[in-house]
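A quick write-up on the structure given underneath.
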Amino acid sequence: MPAFAKEFLPRVRHNEPMSRHTSWHVGGPAEIYFTPRDRTDLAAFLRSLPPQMPVYWVGLGSNLLVRDGGITGVVISTQGTLDRLDRAAQDTVYVEAGVACARIARQCIKWGLGPAEFFAGIPGTLGGALAMNAGAFGGETWRHVVEVETIDRGGGEHHRPVSEYRVSYRHVEPPVAEEWFLAARLRFEVRSPEHRSEVTELLERRKATQPIGEWSCGSVFTNPPGDHAARLIEAAGLKGLSVGDASVSLKHANFIINHGAATAADVESLIARVQDEVQRAHGVRLQPEVRIIGQPAEGSR
Ligand SMILES: Cc1cc2nc3c(=O)[nH]c(=O)nc-3n(C[C@H](O)[C@H](O)[C@H](O)COP(=O)(O)OP(=O)(O)OC[C@H]3O[C@@H](n4cnc5c(N)ncnc54)[C@H](O)[C@@H]3O)c2cc1C
């Protein structure tokens with residue numbers, strides 16, 4: 001465990017429960033949890049870390065399953081920081097990684113730029129949306145990216161064009177490991193003043209079809225080619241299947257709900273049960289969209 005310089009101490013937390021920082025409200029402690037004040041602070045902090053110390057980034061934890069034994073190393077949180085959002089040109093916005101997707105949607109609508117409505121219902125940050133190529137209702141994050149700014153372990157900043165990334169459905173392959181998103185330039189169409197935003201309708205559609213307000217991570221599995229994970233799970237008769245206090249949502253079969261007392265181990269074993277049952281019923285192995293990280297709890301290893 002490194003001894004951190006005095007300047008960082010107010011922003012360093014030891015053994016921070018990740019259940020406080022994930023939308024499933026499960027997960028053991030991060031050994032070190034750091035929220036940078038700004039870029040300079042972040043770069044100096046990264047530079048101060050021993051080279052072998054693992055580093056992991058989180059936004060709003062809305063696509064993360066952290067195991068009950070927690071995370072060894074450092075977790076960098078962009079929540080409440082890196083929050084600049086500017087209009088960079090008539091059709092381009094500059095967005096830092098900690099900005100909530102809903103804010104991008106709201107601001108773009110105000111500026112007459114679109115289509116950005118799909119961001120409205122994604123409860124994460126731009127950083128998470130870049131890492132996941134988050135999308136909804138036909139919209140996708142990377143369709144709008146012109147350029148990203150990244151930071152490496154040594155605190156060095158880079159500008160990278162889209163062409164350096166391999167991007168596909170909910171998947172982004174960066175050109176180098178251990179480089180994280182600081183910001184992006186996103187391009188949209190300039191809309192006519194008569195254009196009416198459909199954000200209310202999209203949010204209503206979500207509310208009608210998804211268990212919004214309950215503890216989940218959104219869709220647990222990616223859709224296999226030509227099909228929907230939710231359809232396969234429902235057709236296998238798995239709605240309502242539970243492990244501990246976690247269950248497959250009755251409203252949307254690709255959501256797993258923590259009803260309040262589930263552990264990460266409950267959620268992870270329910271994910272495995274669903275994969276096995278769907279494979280048995282349909283011959284398809286569903287792949288998790290959610291990122292599963294950290295160590296199992298002591299005793300269950
Ligand atoms: C109710 C609900 C509905 C949802 N609906 C949708 C939907 O319609 N479409 C969709 O695509 N997703 C959806 N999600 C999933 C989730 O909101 C998205 O994947 C979102 O983009 C994750 O953002 P985050 O900030 O929460 O990332 P986190 O969950 O904190 O992290 C996700 C991944 O991104 C990485 N990451 C985070 N920030 C950075 C950074 N700055 N640099 C590099 N890597 C980073 C993390 O290391 C991790 O691997 C939903 C989730 C919930 C709970």
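In listed order, ligands and their atoms are each counted from 1.
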Distances under 3.5 Å, N/O of ligand 1 against N/O of the protein: list each pair and its distance.
| residue | atom | partner | partner atom | Å |
| --- | --- | --- | --- | --- |
| ligand 1 | 5 (N) | Arg206 | NH1 | 3.3 |
| ligand 1 | 8 (O) | Arg206 | NH1 | 3.4 |
| ligand 1 | 8 (O) | Arg206 | NH2 | 2.8 |
| ligand 1 | 9 (N) | Gly135 | O | 2.6 |
| ligand 1 | 11 (O) | Gly135 | N | 2.9 |
| ligand 1 | 11 (O) | Gly135 | O | 3.3 |
| ligand 1 | 11 (O) | Arg170 | NE | 3.3 |
| ligand 1 | 17 (O) | Ser62 | OG | 2.7 |
| ligand 1 | 21 (O) | Ala129 | N | 3.3 |
| ligand 1 | 25 (O) | Leu60 | N | 3.0 |
| ligand 1 | 25 (O) | Thr125 | N | 2.8 |
| ligand 1 | 25 (O) | Thr125 | OG1 | 2.7 |
| ligand 1 | 26 (O) | Leu60 | N | 3.3 |
| ligand 1 | 26 (O) | Gly61 | N | 3.2 |
| ligand 1 | 26 (O) | Ser62 | N | 2.8 |
| ligand 1 | 26 (O) | Ser62 | OG | 2.6 |
| ligand 1 | 29 (O) | Ser62 | N | 3.1 |
| ligand 1 | 29 (O) | Asn63 | N | 2.8 |
| ligand 1 | 30 (O) | Gly59 | N | 2.7 |
| ligand 1 | 30 (O) | Gly61 | N | 2.9 |
| ligand 1 | 41 (N) | Phe181 | O | 3.0 |
| ligand 1 | 42 (N) | Phe181 | N | 2.9 |
| ligand 1 | 47 (O) | Tyr56 | OH | 3.4 |
| ligand 1 | 47 (O) | Trp57 | O | 2.6 |
| ligand 1 | 49 (O) | Tyr56 | OH | 2.8 |
| ligand 1 | 49 (O) | Arg291 | NH1 | 2.8 |

### Task
Write out all pairs satisfying ring pair (Phe, Tyr, Trp, His ring centres under 6.0 Å) with one or both partners inside residues 202-233, taking only residues at least two apart or from two chains.
His25-Trp215
### Summary
side chain to side chain contact (heavy atoms under 4.5 Å, CB included) filter on Gln79, not counting sequence neighbours, yields His21, Tyr33, Leu60, Ser77
### Message
Tell me which pairs pass side chain to side chain donor-acceptor pair (under 3.5 Å) where either residue lies in residues 105-132, with sequence neighbours left out.
### Response
Glu117-Arg191
### Query
Do Asn133 and His171 touch side chain to side chain, with heavy atoms closer than 4.5 Å?
no
### Lys/Arg N to Asp/Glu carboxylate O, Glu179 vs Arg153, below 4.0 Å
no
### Query
Do the side chains of Leu270 and Asp266 get nearer than 4.5 Å, heavy atoms only?
no
